[in-house]
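Because the structure is predicted, anything quoted here is derived from the model rather than measured. Computed over heavy atoms, backbone and side chain alike; hydrogens, waters and symmetry mates excluded.
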Amino acid sequence: MTGIKIGRLFGIEVAVHPSWFLVLVFFAFALANGFFPTMHPSWSVGTTWSVAIAATLLLFVSVLAHEFGHSLVARSQGIPVRNITLFILGGVAQLTREPDSPGREAWMAIAGPLVSVAVAAGSLGAAWLLPGPEQLVAVLAYLGIANAILVVFNLLPGFPLDGGRVLRALLWRITRDRSRATSWATTVGQGFGWAFMALGGVQILVGGNFGGIWLIFIGWMLIQAARATAQQTMAEERLAGVSAATLMTTPESWLSPYMTLDWAARDRL
């Protein structure tokens with residue numbers, strides 16, 4: 001996934017996908033018109049929007065920290081990390097290859113949620129202990145709640161979510177077959193995707209809640225991500241150990257470097 005480069009941190013390039021700006025606006029609008037006015041109706045419009053924007057940006061900083069959890073563990077295992085890209089559903093760390101054992105897969109998968117747990121606990125603890133100002137306490141409380149939700153969502157056993165990768169690692173350990181484990185974990189991941197889409201459809205048709213569109217979109221993205229990741233993993237499995245010579249074919253004849261294209265088309269085709 002390509003994006004706009006914004007810098008490097010811990011030697012890893014960080015980028016934002018254009019879709020990230022859409023969700024940035026969406027979250028800021030939702031917080032400024034729903035969450036914070038409900039919790040603090042006495043705030044002015046300017047204060048509400050300022051706090052909403054700050055909370056949204058800090059949420060994505062915590063998402064970035066989540067991805068660095070994965071990335072730093074991957075690097076400790078000798079797996080180079082190309083970059084981290086923030087996009088509409090959060091973030092993704094692009095690795096040069098997959099872990100080579102179930103244990104390493106599980107540890108790398110769980111590292112991100114552990115970072116989010118630390119952020120949630122720290123934010124909620126600070127919100128509880130700090131006497132003020134009110135706006136800072138509100139941002140910290142939101143950040144803690146949002147990261148707790150992020151942990152629960154990511155630990156769903158649907159590949160390629162973190163919980164799905166833990167599931168694949170467990171299946172890999174049991175079957176000793178990475179391809180079969182990937183296939184099973186992908187099926188579970190697509191099942192969660194279809195469940196999200198069905199729940200979103202029910203919310204729209206029965207409850208008249210158009211927030212269900214977001215669930216449908218998340219479900220669709222989860223299905224596509226599961227398929228794409230599975231295809232990539234299967235391709236890597238099939239090409240492992242295959243040399244370039246095996247895939248090459250020898251041409252029947254060679255063209256002279258001095259031959260024009262017209263000549264070749266007329267006399268050799």
Side-chain angles (χ1 to χ4, degrees), residues 3-10 12-72 83-93 110-156 161-163 209-215 217-218 221:
I4 303 169
K5 300 175 183 178
I6 59 175
R8 297 180 70 86
L9 190 60
F10 301 114
I12 300 174
E13 186 176 278
V14 179
V16 292
H17 190 267
S19 64
W20 177 80
F21 295 98
L22 295 177
V23 78
L24 180 68
V25 172
F26 173 81
F27 268 78
F29 183 84
L31 291 176
N33 290 275
F35 182 80
F36 287 123
T38 301
M39 301 299 294
H40 303 278
S42 62
W43 286 0
S44 67
V45 174
T47 299
T48 301
W49 270 98
S50 298
V51 172
I53 293 172
T56 303
L57 291 174
L58 286 174
L59 173 61
F60 277 96
V61 169
S62 64
V63 170
L64 188 60
H66 177 108
E67 294 304 325
F68 267 106
H70 294 308
S71 300
L72 295 179
N83 58 59
I84 294 175
T85 304
L86 297 177
F87 72 115
I88 195 167
L89 288 184
V92 59
I110 204 67
L114 287 177
V115 172
S116 296
V117 167
V119 173
S123 299
L124 291 173
W128 177 265
L129 294 174
L130 288 177
E134 186 180 45
Q135 292 79 6
L136 176 60
V137 172
V139 169
L140 289 171
Y142 168 76
L143 200 60
I145 295 170
N147 273 275
I149 295 173
L150 180 66
V151 170
V152 173
F153 176 75
N154 272 281
L155 287 181
L156 291 176
L161 296 175
D162 297 335
N209 183 1
F210 286 94
I213 295 175
W214 185 246
L215 284 177
F217 180 72
I218 291 175
M221 288 290 290

Distance-only donor-acceptor pairs under 3.5 Å for side chains of residues 47-60, two or more places apart:
unit_1	atom_1	unit_2	atom_2	d
Thr47	OG1	Ser44	OG	3.0
Thr48	OG1	Ser44	O	2.9
Ser50	OG	Gly46	O	2.8
Thr56	OG1	Ala52	O	2.8

Could you note down all residue pairs passing salt bridge (Lys or Arg N to Asp or Glu O under 4.0 Å) where residues 12-26 supplies at least one of them, sequence neighbours left out?
-> Lys5-Glu13
By ring pair (Phe, Tyr, Trp, His ring centres under 6.0 Å), Phe21 pairs with (sequence neighbours left out) none
Any pair with a residue in residues 110-120 that passes side-chain hydrogen bond (donor to acceptor under 3.5 Å, both in side chains), sequence neighbours left out, goes on the list, sorted by first then second residue, please.
-> His66-Ser116
Check ring pair (Phe, Tyr, Trp, His ring centres under 6.0 Å) between Phe29 and all other residues, then give those that pass, not counting sequence neighbours.
-> none
Phe27: what forms a ring pair (Phe, Tyr, Trp, His ring centres under 6.0 Å) with it, not counting sequence neighbours?
-> none
Can you name the residues that form a salt bridge (Lys or Arg N to Asp or Glu O under 4.0 Å) with Glu134, not counting sequence neighbours?
-> none
Straight-line distance of Asn154 CG to Ile149 CD1, nearest 0.5 Å | 12.0 Å
Residues forming a side-chain contact (heavy atoms from CB on, under 4.5 Å) with Leu22, sequence neighbours excluded | none
Nearest 0.5 Å, what's the CG-OG distance between Leu24 and Ser19?
-> 11.0 Å
Ala127: side-chain contact (heavy atoms from CB on, under 4.5 Å) partners, not counting sequence neighbours | Val137, Leu140, Ala141
Is the closest side-chain heavy-atom distance between His70 and Asp162 below 4.5 Å?
-> yes
Partner set under side-chain contact (heavy atoms from CB on, under 4.5 Å) for Ala118, not counting sequence neighbours = none
d(Ile84 CD1, Phe10 CZ) to nearest 0.5 Å is 10.0 Å
What heavy-atom pair brings Ala120 and Ala148 nearest, and what distance separates the two atoms?
-> CB-N, 3.9 Å
Interatomic spacing from CD1 in Ile218 to CD1 in Ile213 - rounded to 0.5 Å = 12.5 Å
Could you give the distance from CG (Leu155) to CG (Leu161), rounded to the nearest 0.5 Å?
-> 9.0 Å
Partner residues of Val119 under the side-chain contact (heavy atoms from CB on, under 4.5 Å) criterion, sequence neighbours left out = Ser62, Val115, Ser123, Asn147
